[in-house]
Q: 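I have a structure here, written as structure tokens, and I will follow up with some questions on it.
Both ligands and their constituent atoms are indexed starting at 1 by order of listing.
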Amino acid sequence: MQPVLARTKEDVQTAVREWRAAGASIGFVPTMGALHEGHVALVRAARAGNDRVVVSIFVNPTQFNSASDLAAYPRSEAGDVDLLVAAGVDLVYLPAADEMYPTGFATAVEVAGISDGLCGAFRPGHFRGVATVVTKLLLQVAPDRAYFGEKDFQQLRVIQTLVQDLDIPVEVKGVATVRESDGLALSSRNLRLSPEERQVAAGLPRALFHAADRIGAGAAVPEALEEARHAILDAGFREVEYLELRSARTLAPLAGLTEPARLLAAAWVGEVRLIDNVPLAPQER
Ligand code: AMP
């Protein structure tokens, strides 16, 4: 069945209100479009856990810290809607920028601490933009559950924190990263890679998984990180922005594998910035 398209918050709220009155549970997947199998995994999780599924497509201008990055962000609305039809979505919400940010819009949501460091250190204002738009979307759609990818691990933790702090009545679900067969995490930004850069890009997850194995086997963290940094540059990346072992819970820096952790990195291949992260758990010894 063709999903309903909504362009205003009133249209979304009308649909959701009717479903809820009929006793249906609502799952919600916010996206910026240029959809791929990673997004589809979120939709599948939402389908499996709810009676109705809403997906939003909104390229949020306030989370881009450079005008050229926003202009270069891939857009494919018609193809995205076809893909969502095939995935069995009930409603696609496609707000225009002035629907989200009408004249006079003046409020921002800032999640202190967890937004600092990692991507927050290199993209000033990014998480304020993300936190603000996700808060608005969660309040507009009012779902029972909302689904976010572990691919953007810091973003997932920022959203879990704001939902808890602001008492937003929604359950936030994290979904494991979907990867290509060579390990590259699916990302809308991969569309911007040349064939050569696409080959290089696989060096990022390769280095992360290798370092995670070494740390899991007891290697010293600084040495394992240094080796991984070299491996990423040797693969052909032009710059490693950050490469860090952090607590999976608090995102505090870790000197050793003393608690469930995440190894997170951002690196540039040509003009494309890629991020990735892998989980590590302390071994019973
Ligand atoms: P985006 O459209 O890039 O803003 O992503 C929308 C949602 O899809 C976010 O929750 C992302 O974390 C998630 N996502 C993006 N890529 C992947 C992936 N490869 N695997 C799982 N989830 C992903």
Q: Side chain or backbone of Pro30 under 4.0 Å from ligand 1, or both, or neither, by non-hydrogen atoms?
A: backbone
Q: Provide the number and element of each atom of ligand 1 under 4.0 Å from a heavy atom of His36.
A: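 Matching atoms, with element in brackets: 15 (C), 16 (N), 17 (C).
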Q: So between Asp276, Leu35, Thr31, Leu42, whose heavy atom ends up nearest atom 7 (C) of ligand 1?
A: Leu42
Q: Any N or O of Tyr147 that comes nearer than 3.5 Å to an N or O of ligand 1?
A: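 No, Tyr147 has no N/O under 3.5 Å of an N/O on ligand 1.
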Q: Testing the basics here: between Leu186 and Glu37, what is the closest heavy-atom pair and its distance to 0.1 Å?
A: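 Residues Leu186 and Glu37, closest heavy atoms: CD1-CB, 3.4 Å.
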Q: Measuring only between side-chain heavy atoms, which start at C-beta, is Phe148 closer than 4.5 Å to Val175?
A: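 No, side chains not in contact.
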Q: So, Ser76 versus Asp80: side-chain donor-acceptor pair below 3.5 Å or not?
A: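 The answer is yes; a qualifying pair exists.
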Q: May I ask you to list the atoms of ligand 1 that are less than 4.0 angstrom from any heavy atom of Tyr73?
A: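 Selected atoms, number and element: 3 (O).
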Q: Any N or O on Ala185 sitting closer than 3.5 Å to an N or O of ligand 1?
A: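 Among all N and O atoms of Ala185, none is under 3.5 Å from an N or O of ligand 1.
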Q: Short list, please: which atoms of ligand 1 are under 4.0 Å from a heavy atom of Phe148?
A: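 This gives 10 (O) as the contact atoms.
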Q: Examine ligand 1 and decide if any of its atoms is less than 4.0 Å from a heavy atom belonging to Ala176.
A: yes
Q: Determine, considering heavy atoms only, which of Asp152, Asp80, Val134 sits nearest to atom 12 (O) of ligand 1.
A: Asp152
Q: My understanding is that we take every heavy atom of each candidate and find the minimum distance to atom 2 (O) of ligand 1. Doing that for Met32, Arg179, Lys151, Glu150, which one comes out nearest?
A: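 Among Met32, Arg179, Lys151, Glu150, the closest heavy atom to atom 2 (O) of ligand 1 belongs to Met32.
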Q: Go through the side-chain N and O atoms of Thr177 and Glu150 and say whether any donor and acceptor fall under 3.5 Å apart.
A: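 On atom types as modelled, these side chains do not qualify, holding no pair under 3.5 Å.
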Q: Verify the distance criterion only: is there a donor paired with an acceptor across the side chains of Gln154 and Arg157 at less than 3.5 Å?
A: no
